[in-house]
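Scroll down for the structure; my scribbles are underneath it.
For the single chain, residues carry numbers from 1 onward in sequence order. Model, not experiment: these values are computed from the prediction.
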Amino acid sequence: MPTERILYNYFRSSSSYRVRIALNLKSLPFAYLAVHLNRHGGEQFSHDFQALNPQQLVPLLLENGNRISQSLAIIEYLEETYPEHPLLPPAPEDRAYVRQIANTIACEMHPLNNLRVLKYLTEELKLTDEAKKNWVRHWNELGLQALEKTILNSPKRGQFVFGNTPTIADCCLVPQLFNAQRFDVDLTPYPTLRAIATACGKLKAFELAHPGMQPDSE
C-alpha cells in the first residue's frame, strides 16, 4: 500500500523549510498543502486546521494516520522510520553534537523571531517596525556568534556542520540564515556558517526546499 504523506506548511516558515529539506534529503515525496500564516487573518487559526493541530502552527505532517507537529519531532520521526540517507551520525557523541546545533537554532534562536512573537511585539506592545527588526537582529546575532565559534572550532566540521554529509543541523541552519537575511542581519561576520550554507545550496534537496521554489511563494 503506498504511503500517504501530507505536509501542511508555509513557504516562508523556517520550521517548515527544515522539514522540506529533510524530506528531500531522504527522497521522500509528499503532498504540499499550504497554510498561509497571514492571509485571511492567518489560515492556521481556521476551524479546520485547529482540528488538525490545536497549536495552530506549521509544519504538520500527516502520514498513514499519524499526525506529527513540531519540526524536530517530525525530522526525528523521519529519521527513525526511514533510516536510508541518515540525518544523524552513528556515534552517540556525534549525534549529541548535531542535536546541540539543531536545538540551538530551533529552541533558542528561532522562537524569538517567530511570526506570532513578532506580531505580539507590534500589535500588543506597540513596537515600531524598526524596533521589531532590531529585536530580530539582536537575537539572531547573539545566536549566530555562538554558532560560528562553536562550529569553527569543532574538529567535527567538514563541508557541512558535521563532516561531509548533511545532517539535521544543516536542515536547521540554512532556514535560519535565510530568515536572518530577510531582516537585514549582516552575515559577513560568519564565514563558517556562510560556507556551509553555500555547500548546502549546491544540493538539489536544499534548492527544491527553498521558499522561493514553493507553490505558495509570493
May I have the step-by-step check of side-chain contact (heavy atoms from CB on, under 4.5 Å) for His36 and Tyr10, ending in yes or no? CA-CA 6 Å; His36 200 291; Tyr10 177 55; 3.6 Å; yes

Would Glu123 and Arg116 satisfy salt bridge (Lys or Arg N to Asp or Glu O under 4.0 Å), going step by step from the backbone distance to the final call? CA-CA 10 Å; Glu123 295 175 5; Arg116 61 181 180 173; over 6 Å; no

Assess the residue pair Arg67 and Tyr8 against the criterion (side-chain contact (heavy atoms from CB on, under 4.5 Å)); give the C-alpha distance rounded to whole Å, side-chain angles, the decisive distance to 0.1 Å, and a yes or no. CA-CA 11 Å; Arg67 189 184 304 169; Tyr8 289 83; over 6 Å; no

Derivation and outcome, side-chain contact (heavy atoms from CB on, under 4.5 Å), residues Arg99 and Ile168: CA-CA 7 Å; Arg99 287 186 172 112; Ile168 290 175; 5.7 Å; no

Kindly indicate, with the supporting measurements, whether the criterion side-chain contact (heavy atoms from CB on, under 4.5 Å) is fulfilled by Phe178 and Arg12. CA-CA 9 Å; Phe178 171 82; Arg12 209 161 47 202; 4.1 Å; yes

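In this structure a side-chain-to-backbone donor-acceptor pair under 3.5 Å is present from Asn64 to Glu4. With Asn103 contributing its side chain and Cys107 its backbone, the two residues share no donor-acceptor pair below 3.5 Å. In this structure, Asn153 contributes its side chain and Thr150 its backbone to no donor-acceptor pair below 3.5 Å. Listed for the Arg5 side chain is a donor-acceptor partner under 3.5 Å among the backbone atoms of Pro29. With Asn164 contributing its side chain and Gly158 its backbone, the two residues share no donor-acceptor pair below 3.5 Å. In this structure a side-chain-to-backbone donor-acceptor pair under 3.5 Å is present from Gln214 to Leu208.
If you chain together hydrophobic residues whose side chains sit under 4.5 Å apart, Tyr190 and Ile105 fall into the same group. Two different hydrophobic clusters hold Leu115 and Val136 under the rule that ILVMFWY side chains link at heavy-atom gaps under 4.5 Å. Under the 4.5 Å side-chain contact rule for hydrophobic residues, Tyr32 and Leu25 share a cluster. Note on Leu187: it does not cluster hydrophobically with Trp135, by side-chain heavy-atom contacts below 4.5 Å among ILVMFWY residues. Note on Leu118: it does not cluster hydrophobically with Val58, by side-chain heavy-atom contacts below 4.5 Å among ILVMFWY residues.
A salt bridge does not link Arg194 with Glu148: every distance from a Lys NZ or Arg NE/NH1/NH2 to an Asp or Glu carboxylate oxygen is 4.0 Å or more. Taking 4.0 Å as the cut-off between side-chain N and carboxylate O, Glu93 and Lys156 do not count as a salt-bridged pair. Ion pairing between a basic and an acidic side chain is recognised when a charged N comes within 4.0 Å of a carboxylate O; Lys26 and Glu79 show such pairing.
Nearest heavy-atom pair across Thr167 and Pro89 is CG2-CD, 4.5 Å. Of all non-hydrogen atoms in Val98 and Phe162, the two that sit nearest each other are CG2-CB, 3.8 Å. Residues Asn113 and Gln176 share a closest heavy-atom pair of ND2-NE2, 3.6 Å. Here the closest heavy-atom approach between residue Leu78 and residue Leu28 is recorded as CD2-CD1, 4.0 Å. Closest heavy-atom contact between Gly143 and Met109: CA-SD, 3.6 Å. Between Ala102 and Cys172, the shortest heavy-atom contact is CB-SG, 3.8 Å.
For Lys149, the NZ atom is loosely surrounded, since the number of other residues' heavy atoms within 6.0 Å does not exceed 12.
Looking only at side-chain heavy atoms (C-beta outward), Phe49 and Glu43 stay at 4.5 Å or farther from each other. When side chains are defined from C-beta on, Tyr77 counts as touching Asn66, because their heavy atoms get closer than 4.5 Å. In this structure the side chain of Val117 never reaches within 4.5 angstrom of the side chain of Tyr120, judged on heavy atoms. By the 4.5 Å heavy-atom criterion applied to side chains, Asn134 and Trp139 are not counted as neighbours. You'll find the side chain of Phe183 stays beyond 4.5 Å of the side chain of Asn140, heavy atoms only. Counting heavy atoms from C-beta on, the side chains of Arg20 and Pro211 come closer than 4.5 Å. Looking only at side-chain heavy atoms (C-beta outward), Ile68 and Leu60 stay at 4.5 Å or farther from each other. Side-chain atoms of Tyr82 and Leu23, non-hydrogen and from C-beta on, never get closer than 4.5 Å to each other.
With 3.5 Å as the limit, one finds no donor-acceptor pair spanning the side chains of Gln44 and Gln56. Judged by distance alone, the side chains of Thr188 and Asp186 do bring a donor and an acceptor atom under 3.5 Å apart.
Here the straight-line distance linking atom CG of Leu173 with atom OG of Ser14 works out to 11.5 Å at 0.5 Å rounding. Summarising the geometry, atom CG belonging to Leu203 is positioned 6.0 Å from atom CZ belonging to Phe206; distances are rounded to the nearest 0.5 Å. A distance of 10.0 Å separates CG of Leu61 from CG of Asn9, quoted to the nearest 0.5 Å. In this structure, Glu84 CD and Ser27 OG are separated by 9.5 Å, a value rounded to the nearest 0.5 Å. Separating the NE2 atom in His110 from the CG atom in Asn179 is a distance of 6.0 Å, to the nearest 0.5 Å. Once rounded to the nearest 0.5 Å, the distance linking SG of Cys171 with CD1 of Ile101 reads 13.5 Å.
In this structure, Arg39 forms no cation-pi arrangement with Phe45, as its terminal cationic atom is not both closer than 6.0 Å to the ring centre and no more than 45° off the ring axis.
Classification of the Tyr17-His210 ring pair by plane angle, with boundaries at 30° and 60°, yields perpendicular.
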